Amino acid sequence: MAQPNNLRHRGRTKVRYSESKNVPEQSDKQETLKQSAVPGQSGENEGMFAAVFGFNLYELSSFFSIVKLLCRPTDSASLGVTRFMFGLLMMIDIPQERGMAVVDNRWGDNSTCYFPLFDWLHPLPIEWMYFIYFIMLLGAVGIMLGFLYRISCVMFLMTYWYIFLLDKTSWNNHSYLYGLMAFILLLCDGNRYRSLDGLLRPKIRNSHVPLWNYTLLRCQVFLVYFIAGLKKLDMDWMMGYSMQNLSNQWVFDPFRLLLTNEQIDLYIVHIGGLTLDMFVGFLLFLDKTRPAALFFAGSFHLMNSQMFHIGMFSYMMLATLPLFCSFDWPRRFLKRIPLPFGLNTSQELQQSSHCVYTEESTKSHSTNQHSSTDSGITLHHQVFSCITILYLSTQILLPYSHGVTKGYNTWTNGLYGYSWDMMVHSWSTQHVRITYKDLDTGDQGYLDPYAWVKGKSNRWSSHADMIKQYTTCIADQLKQYDIKNVELYVDVWRSLNDRFQQRVYDPNVDLLAAPWGPFSEISFSLPLLVDLSDWRGKLSEIQTQLYDLSNYSDVVFVADFPGLTLENYIQSDLGNTSITVLKGEVVVEIPDKEQNISLKEGQKIQLPADAFHSVHTVSSEPSCYMYIFINTTKEVFARKLEEYRQAVNASTNGTDPSGTLLRQFSDDPHVQEYKDYLLKEGKKEEEKARSIWQTANIFIHEKYQRFSRSFIFLHAAFRSILFGDSFDVMRQSIYQEETNRKVQEEMLT
């Protein structure tokens with residue numbers, strides 16, 4: 001959408017031009033709005049509408065009037081700044097969140113299972129993966145500088161979406177947003193202002209851009225906020241269960257003067273986040289409310305940048321906020337800054353064939369040697385207007401398309417990423433168990449669920465499409481161990497937004513044989529027990545009471561379906577473990593004691609440590625029970641750690657110069673753990689005491705290390721591709737250099 005103080009062409013509105021000959025300027029806003037009114041209608045009402053939305057209703061009366069509106073000539077300055085910022089932030093993001101600095105770890109293991117959107121999509125050999133990242137980086141640089149702009153956009157766009165689609169476990173809303181913005185910039189004339197293309201091609205330098213360039217970008221950003229707000233109209237979010245304990249972050253210190261941490265979590269984080277997402281997009285469009293919207297949105301993103309490890313997302317959203325200001329704000333800003341080489345000199349705006357000009361504006365521009373003689377609506381204008389409408393319609397519908405893509409629905413609907421349900425869902429995984437059965441030999445056993453995934457990520461366990469891909473990949477890996485005819489059963493226990501731990505999938509279904517399709521409902525998933533959501537208040541009270549009794553006690557709340565069995569093992573260091581039934585009826589089987597104990601609501605028993613047991617749900621409704629245990633090992637460790645800390649302090653401050661107290665720990669096998677723990681404590685204290693300059697220096701150093709590692713491996717990859725050198729040999733040499741450097745740094749520390 002446009003802003004009334006930015007758009008000067010109004011149908012038959014007469015305009016005059018400022019010192020820059022081709023920049024129309026209004027001398028009297030009220031007079032202009034009055035002239036914009038359609039004959040026979042209320043000029044006052046039309047003027048009010050135009051003042052709010054930047055265009056008149058009659059401009060939507062037909063397809064050609066919509067085309068004329070979307071192709072209205074607009075200053076390209078703000079778009080040029082957005083192009084530059086996007087390219088710059090993507091340059092920083094590629095070695096970091098895109099993973100160029102860790103390509104060797106992420107894509108270099110043939111035994112790793114991947115989770116692409118399409119099963120036929122596979123990573124290239126490691127050398128060529130580095131080449132893909134290099135092309136993406138070159139594209140980001142080209143976008144930033146506006147050099148070979150369309151080619152740079154295509155380079156970035158193709159490689160970015162290839163990497164994105166290769167691994168669903170890394171998907172999130174902001175990574176999806178970057179891909180969308182790259183596509184929008186490909187369509188837009190982003191190289192019309194302050195670009196190298198403009199220096200090389202004077203005909204496009206400082207030319208107008210059609211209004212739809214801004215419409216796409218503004219509406220995309222608006223949809224990110226607004227749909228995120230709609231997604232937060234969820235009882236879990238509104239009741240404060242989605243993001244608990246966030247108030248512990250230092251950014252909320254000013255609020256602690258008036259509110260408790262619980263109140264901050266509910267009113268500031270949840271209610272405040274919902275309110276901001278729902279309304280900030282609207283407020284950004286209006287002149288009078290824009291300053292307040294910029295302040296709150298800017299503060300919101302700065303706080304997020306300090307609380308979450310989300311790469312460049314916070315800074316990208318900050319960079320999009322100026323899009324809602326006047327289109328020529330960079331020109332007016334630069335006029336006030338004395339820059340060398342005439343960089344802040346006002347330059348004439350040229351006409352563009354991508355815009356539609358009125359008769360009056362065409363006459364006004366006729367003195368410009370580069371002006372277009374054809375001001376009519378062409379096929380180009382119509383096609384890109386249709387693309388704009390189609391794109392925005394798609395972005396409105398996609399977040400709610402889970403009724404079609406049923407194969408991606410489990411406890412949350414649709415492919416994670418494009419739905420803008422940011423932070424609405426928080427997960428807690430209790431355990432994942434994979435059971436195999438060799439049909440040829442009859443052997444049965446358990447597999448390490450993280451044996452074939454990188455980074456110990458359990459994102460795959462939350463989504464049926466990825467769990468299906470994983471079991472298929474495991475079956476392929478097991479062929480190396482001469483296990484070719486196998487069944488795989490997966491038992492995943494997770495909690496969504498502080499509910500009971502419960503199963504995600506039916507543990508009795510062989511997932512290799514289970515059907516799956518992107519447009520079919522999932523047959524092997526179990527529903528979220530939403531009827532038990534009201535228990536969360538009671539569970540929180542129980543948890544608080546236990547923590548008040550002992551810092552080393554813990555509780556796990558479990559809910560299970562009728563007819564299913566939980567097999568569990570109590571570790572030897574978990575003493576005084578009990579199970580208490582909260583709802584339903586269960587039978588606890590203890591094989592070592594050959595006991596079967598029936599428990600009803602309110603009953604409990606003690607469970608032996610270092611032993612297996614099974615809990616059978618025998619009631620007709622889901623059973624709910626809780627494990628309460630004390631971590632005796634953790635309790636002893638904490639006590640010995642405190643004694644070691646006192647011994648170290650005594651030796652340091654001179655009260656125990658002979659080191660008698662420290663010698664008492666000479667035979668303690670956990671001394672190194674004590675040292676590591678105290679070292680971490682010291683580092684945390686150092687972090688708190690850092691100045692802004694020290695923090696900035698560390699930040700720059702980390703970014704330098706990522707870029708440096710990226711280009712070291714890139715150099716090795718190019719040598720392998722061009723000269724046939726062994727990449728594995730070079731990789732091992734780099735690893736050895738990194739190990740030596742880390743040893744030296746640790747010695748200095």
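Count residues from 1 along the sequence. Here the structure is a predicted model, which is why all the values come from computation and not from measurement. What's counted below: heavy atoms across the whole structure, side chains too, no hydrogens, waters or symmetry copies.
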*Asks:* Between Ser720 and Ala716, is there a donor-acceptor pair closer than 3.5 Å when you use the side chain of the first and the backbone of the second?
*Replies:*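 Here the side-chain-to-backbone pair does not exist.
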*Asks:* Can a donor-acceptor pair be found, under 3.5 Å and without considering hydrogens, that links the side chain of Asn248 to the backbone of Asn245?
*Replies:*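 Yes; at least one donor-acceptor contact below 3.5 Å.
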*Asks:* Does any non-hydrogen side-chain atom of Ser175 lie less than 4.5 Å from one of Asn172?
*Replies:*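 When only atoms from C-beta onward are counted, Ser175 and Asn172 do touch, with a gap below 4.5 Å.
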*Asks:* Does the cation-pi check pass for Lys231 over Trp420, that is, NZ or CZ under 6.0 Å from the six-membered ring centre and within 45° of its axis?
*Replies:*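 Lys231 over Trp420 ring: no.
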*Asks:* Flag the pair Met316 / Met90 as yes when at least one side-chain heavy-atom distance between them is below 4.5 Å, and no otherwise.
*Replies:*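 Counting from C-beta outward, Met316 and Met90 do come under 4.5 Å.
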*Asks:* Which distance, rounded to the nearest 0.5 Å, do you find between the NE2 of His270 and the CE of Met243?
*Replies:*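 Spacing of NE2 (His270) from CE (Met243) equals 6.5 Å.
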*Asks:* How about CZ on Phe183, more than 12 heavy atoms from neighbouring residues, nucleotides or ligands closer than 6.0 Å, or not?
*Replies:*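 Atom CZ in Phe183 is not packed in, count stays at 12 or less.
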*Asks:* Does the Ser170 side chain pair with the main chain of Asp167, one donor and one acceptor, at a distance under 3.5 Å?
*Replies:*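 Side chain of Ser170 to backbone of Asp167: a pair is present.
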*Asks:* Kindly check if the number of other-residue, nucleotide or ligand heavy atoms within 6.0 Å of CZ (Arg201) is above 12?
*Replies:*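 No - once you tally the heavy atoms of other residues, nucleotides and ligands closer than 6.0 Å, there are 12 at most.
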*Asks:* Tell me yes or no: between the side chains of Tyr114 and Gln469, is some donor less than 3.5 Å from an acceptor?
*Replies:*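 Distance-only check fails for Tyr114 and Gln469.
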*Asks:* Relative to each other, are the rings of Phe282 and Phe226 parallel, tilted or perpendicular (30° and 60° limits)?
*Replies:*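 Correct class here is perpendicular.
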*Asks:* Ignoring hydrogens and angles, tell me if any N or O in the side chain of His354 forms a donor-acceptor pair with the backbone of Val209 under 3.5 Å.
*Replies:*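 Side chain of His354 to backbone of Val209: no pair is present.
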*Asks:* Side chain to side chain donor-acceptor pair (under 3.5 Å) for Arg332 and Ser326? Distances and angles first, verdict last.
*Replies:* CA-CA 10 Å; Arg332 293 188 285 108; Ser326 59; 2.2 Å; yes
*Asks:* For Arg218 and Thr320, what are the C-alpha separation, side-chain angles and deciding distance, and is it a side chain to side chain contact (heavy atoms under 4.5 Å, CB included)?
*Replies:* CA-CA 8 Å; Arg218 285 178 164 185; Thr320 62; over 6 Å; no
*Asks:* Are His309 and Glu97 linked by a side-chain donor-acceptor pair shorter than 3.5 Å?
*Replies:*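 There is no such pair between these side chains.
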*Asks:* State, to 0.1 Å, how close Tyr225 and Leu321 come at their nearest heavy-atom pair, and which atoms those are.
*Replies:*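 So the minimum-distance heavy-atom pair works out to OH-CD2, 3.7 Å.
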*Asks:* I would like to know whether Tyr130 and Phe718 meet ring pair (Phe, Tyr, Trp, His ring centres under 6.0 Å); could you show each step before the answer?
*Replies:* CA-CA 8 Å; Tyr130 272 104; Phe718 278 170; 9.2 Å; no
*Asks:* Side chain of Gln395, backbone of Val224: donor and acceptor closer than 3.5 Å?
*Replies:*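 Between the backbone of Val224 and the side chain of Gln395 there is no qualifying donor-acceptor contact (under 3.5 Å).
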*Asks:* Between Ala293 and Val280, which heavy-atom pair has the shortest distance, and what is it?
*Replies:*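 Nearest pair, atom of Ala293 first, then Val280: O-CG2, 3.9 Å.
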*Asks:* If you draw a 6.0 Å radius around CD1 in Ile692, do more than 12 non-hydrogen atoms from other residues or ligands fall strictly inside?
*Replies:*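 For Ile692, atom CD1 is not crowded (no more than 12 foreign heavy atoms under 6.0 Å).
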*Asks:* Are Gln705 and Arg741 packed together at the side-chain level, in the sense that at least one heavy-atom pair is separated by less than 4.5 angstrom?
*Replies:*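 Touching, per the 4.5 Å side-chain cut-off.
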*Asks:* More than 12 non-hydrogen atoms from neighbouring residues, nucleotides or ligands closer than 6.0 Å to NE2 on His715, yes or no?
*Replies:*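 Result for NE2/His715: open.
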*Asks:* Carefully, step by step, assess Phe384 and Trp212 under the rule ring pair (Phe, Tyr, Trp, His ring centres under 6.0 Å).
*Replies:* CA-CA 8 Å; Phe384 278 90; Trp212 63 259; 5.3 Å; yes
*Asks:* Examine the side chains of Thr429 and Asn458 and answer whether a donor and an acceptor come within less than 3.5 Å of each other.
*Replies:*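 Note: Thr429 and Asn458 side chains meet the donor-acceptor criterion.
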*Asks:* So do the side chains of Met422 and Phe313 get within less than 4.5 Å of each other, counting heavy atoms only?
*Replies:*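 Side-chain contact under 4.5 Å: yes.
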*Asks:* Answer whether the closest heavy-atom distance between the side chains of Asp189 and Arg192 falls below 4.5 Å.
*Replies:*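 In short, these two side chains touch, coming nearer than 4.5 Å.
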*Asks:* Do Met307 and Phe252 make a side-chain contact, defined as non-hydrogen atoms from C-beta onward lying under 4.5 Å apart?
*Replies:*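 Yes. Closest side-chain heavy atoms under 4.5 Å.
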*Asks:* With Arg709 as reference, evaluate Glu738, Glu702, Glu737 under the salt bridge (charged side-chain N to carboxylate O under 4.0 Å, His left out) test and give the passing residue.
*Replies:*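 Single pass found, and it is Glu738.
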*Asks:* Does atom CZ (Phe308) have a neighbourhood of more than 12 heavy atoms from anything else shown, all under 6.0 Å?
*Replies:*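 Above 12, so yes.
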*Asks:* Can you find a heavy atom in the side chain of Ser247 that is under 4.5 Å from one in the side chain of Asp265?
*Replies:*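 Of all side-chain heavy-atom pairs linking Asp265 with Ser247, at least one is under 4.5 Å.
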*Asks:* Between Asp104 and Arg731, is the salt bridge (charged side-chain N to carboxylate O under 4.0 Å, His left out) condition met? List the steps.
*Replies:* CA-CA 8 Å; Asp104 54 311; Arg731 178 165 59 174; 5.5 Å; no
*Asks:* Grab the two heavy atoms, one from Tyr133 and one from Ile163, that are nearest each other, plus how far apart they are.
*Replies:*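 In terms of heavy atoms, the two residues are closest at OH-CG2, 3.5 Å.
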*Asks:* What closest approach, in Å, do Ala77 and Tyr214 show between heavy atoms, and which atom pair accounts for it?
*Replies:*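 So the minimum-distance heavy-atom pair works out to N-OH, 3.9 Å.
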*Asks:* Any donor and acceptor pair, going by atom type alone, linking the side chain of Arg706 with main-chain N or O of Gly99 inside 3.5 Å?
*Replies:*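 No; judged by distance alone, with no hydrogens or angles, the pair does not exist.
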*Asks:* Between Arg98 and Tyr160, is the side chain to side chain contact (heavy atoms under 4.5 Å, CB included) condition met? List the steps.
*Replies:* CA-CA 8 Å; Arg98 293 316 108 208; Tyr160 183 92; 3.5 Å; yes
*Asks:* Just by modelled atom types, is the Phe327 backbone N or O under 3.5 Å from a matching donor or acceptor in the Ser78 side chain?
*Replies:*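 Side chain of Ser78 to backbone of Phe327: no pair is present.
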*Asks:* Under 3.5 Å, side chain of Gln249 to main-chain N/O of Leu246, donor-acceptor pair present?
*Replies:*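 No; zero donor-acceptor contacts below 3.5 Å.
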*Asks:* Would the distance check show the side chain of Ser314 and the main-chain N or O of Met312 forming a donor-acceptor pair, the cut-off being under 3.5 Å?
*Replies:*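 Side chain of Ser314 to backbone of Met312, a donor-acceptor pair under 3.5 Å: no, none is there.
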*Asks:* Between Tyr149 and Leu185, is any pair of side-chain heavy atoms under 4.5 Å apart?
*Replies:*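 In short, these two side chains touch, coming nearer than 4.5 Å.
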*Asks:* Without swapping roles, check the side chain of His301 against the backbone of Tyr315 for a donor-acceptor pair under 3.5 Å.
*Replies:*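 No: the side chain of His301 does not pair with the backbone of Tyr315.
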*Asks:* Does either side chain, that of Arg331 or that of Asn206, offer a donor lying less than 3.5 Å from an acceptor on the other one?
*Replies:*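 Checked: Arg331/Asn206 side chains pair up, N/O donor to acceptor below 3.5 Å.
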*Asks:* Return yes when atom OH of Tyr400 has more than 12 non-hydrogen atoms of other residues, nucleotides or ligands closer than 6.0 Å, and no otherwise.
*Replies:*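 For Tyr400, atom OH is crowded (more than 12 foreign heavy atoms under 6.0 Å).
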*Asks:* Quick one: CG on Asp234 to CG on Asn497, what's the gap to the nearest 0.5 Å?
*Replies:*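 Those atoms lie 7.5 Å apart.
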*Asks:* Heavy-atom count check: over 12 atoms from other residues, nucleotides or ligands less than 6.0 Å from Tyr162 OH?
*Replies:*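 For Tyr162, atom OH is crowded (more than 12 foreign heavy atoms under 6.0 Å).
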*Asks:* Could you check whether atom OH of Tyr704 has more than 12 heavy atoms from other residues, nucleotides or ligands sitting under 6.0 Å from it?
*Replies:*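 No, not enclosed.
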*Asks:* Tell me yes or no: between the side chains of Ser419 and Asp421, is some donor less than 3.5 Å from an acceptor?
*Replies:*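 Per modelled atom types, Ser419 and Asp421 side chains form a pair under 3.5 Å.
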*Asks:* State the CG-OG distance between Leu349 and Ser76, to the nearest 0.5 angstrom.
*Replies:*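 So the gap between those two atoms works out to 6.0 Å.
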*Asks:* Please name the pair of heavy atoms, one in Asp328 and one in Asp75, separated by the smallest distance, quoted to 0.1 Å.
*Replies:*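 Taking Asp328 first and Asp75 second, the nearest heavy atoms are CB-OD2, 3.2 Å.
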*Asks:* Take Thr215 and Leu392, measure what side chain to side chain contact (heavy atoms under 4.5 Å, CB included) needs, and give me the verdict at the end.
*Replies:* CA-CA 9 Å; Thr215 301; Leu392 294 179; 4.2 Å; yes
*Asks:* Between Phe115 and Trp460, how do the two ring planes meet: parallel, tilted or perpendicular, split at 30° and 60°?
*Replies:*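 The arrangement is parallel - the two ring planes meet at less than 30°.
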*Asks:* Going through the checks in order, is the side chain to side chain contact (heavy atoms under 4.5 Å, CB included) test met by Phe156 and Ile143?
*Replies:* CA-CA 9 Å; Phe156 179 85; Ile143 292 173; 4.0 Å; yes
*Asks:* Taking all heavy atoms of Gly146 and all of Asn191, pick out the closest pair and write down the distance.
*Replies:*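 Smallest heavy-atom distance, with atoms named: O-CB, 4.2 Å.
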*Asks:* Relative to each other, are the rings of Phe134 and Phe131 parallel, tilted or perpendicular (30° and 60° limits)?
*Replies:*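 Geometry flag for Phe131 against Phe134: tilted rings.
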*Asks:* Between Thr112 and Arg106, does any side-chain donor sit less than 3.5 Å from a side-chain acceptor?
*Replies:*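 No pair is found: no donor N or O on one side chain lies under 3.5 Å from an acceptor on the other.
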*Asks:* Tyr176 and Trp171: aromatic ring centres closer than 6.0 Å?
*Replies:*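 Not under 6.0 Å, so no.
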